[in-house]
Amino acid sequence: MNVAPIEGSTIAPMEIRAIDVRETNLDEMSNNGPGFVQMLGSQVGELNGSLEQADQAARALVAGEDIPVHDVMIAMEHARLKLQLAVEVRNRIVDAYQNLTNMQL
């Protein structure tokens, strides 16, 4: 079997550029935006507000106030999904911490 070479095609060489790596210290990193702990705290506060809103809607429905049932169900499902996400994030954080503590140096 005779294989003919491909003619007319050229491959341009890639240009390798230097990577711009600058050293940062902790002070610069903290000024860039909210830290992990602050972000986590705000999300927990938002979760708490969602749970309270669902609780208030359910209490209003039980008390006989004029509130649609579907609004109560939507609020409860929204709160349940947020709580489920928070539990999964907590589980991942605990797993990461356990992996770090079990790591041998």
**Complete:** Taking every heavy atom of Leu47 against every heavy atom of Ala79, the minimum-distance pair comes out as CD1-O, 4.3 Å
**Message:** Looking at every non-hydrogen atom in both residues, tell me the closest pair between Ala57 and Val72 and how far apart they are.
**Reply:** O-CG2, 3.6 Å
**Prompt:** If two hydrophobic side chains count as joined below 4.5 Å and joins carry through other members, does Met39 share a cluster with Val37?
**Reply:** no
**Prompt:** With hydrophobic residues grouped by side-chain heavy-atom distances under 4.5 Å, do Leu100 and Val94 end up in a single group?
**Reply:** no
**Asked** Do Thr101 and Tyr97 have side chains that get closer than 4.5 Å, going by heavy atoms?
**Response** yes
**Request:** Check the pair Lys82, Gln43 against side chain to side chain contact (heavy atoms under 4.5 Å, CB included), reporting the backbone distance first and the verdict last.
**Result:** CA-CA 9 Å; Lys82 279 191 169 189; Gln43 292 300 316; 6.0 Å; no
**Item:** Option among Asp66, Asp71, Ile67 that satisfies the side-chain contact (heavy atoms from CB on, under 4.5 Å) test with Leu61
**Value:** Ile67
**Message:** Test your reading of the model: is there a side-chain donor-acceptor pair from Glu88 to the backbone of Leu85, 3.5 Å cut-off?
**Reply:** no
**Asked** Between Asp55 (side chain) and Leu51 (backbone), is there a donor-acceptor pair under 3.5 Å?
**Response** no
**Asked** To the nearest 0.5 Å, what is the distance between OG (Ser50) and CG (Asn48)?
**Response** 9.5 Å
**Item:** Distance in Å, Asp95 CG paired with Gln98 CD, rounded so as to fall on 0.5 Å steps
**Value:** 6.0 Å
**Request:** For atom CE of Met73, decide whether the heavy atoms of other residues, nucleotides or ligands shown that lie under 6.0 angstrom number more than 12.
**Result:** no
**Request:** Check whether more than 12 heavy atoms from other residues, nucleotides or ligands sit under 6.0 Å from atom CD of Gln53, and answer yes or no.
**Result:** no
**Prompt:** Could Glu65 and Arg59 be called an ion pair, given the rule that one side-chain N must be under 4.0 Å from one carboxylate O?
**Reply:** no
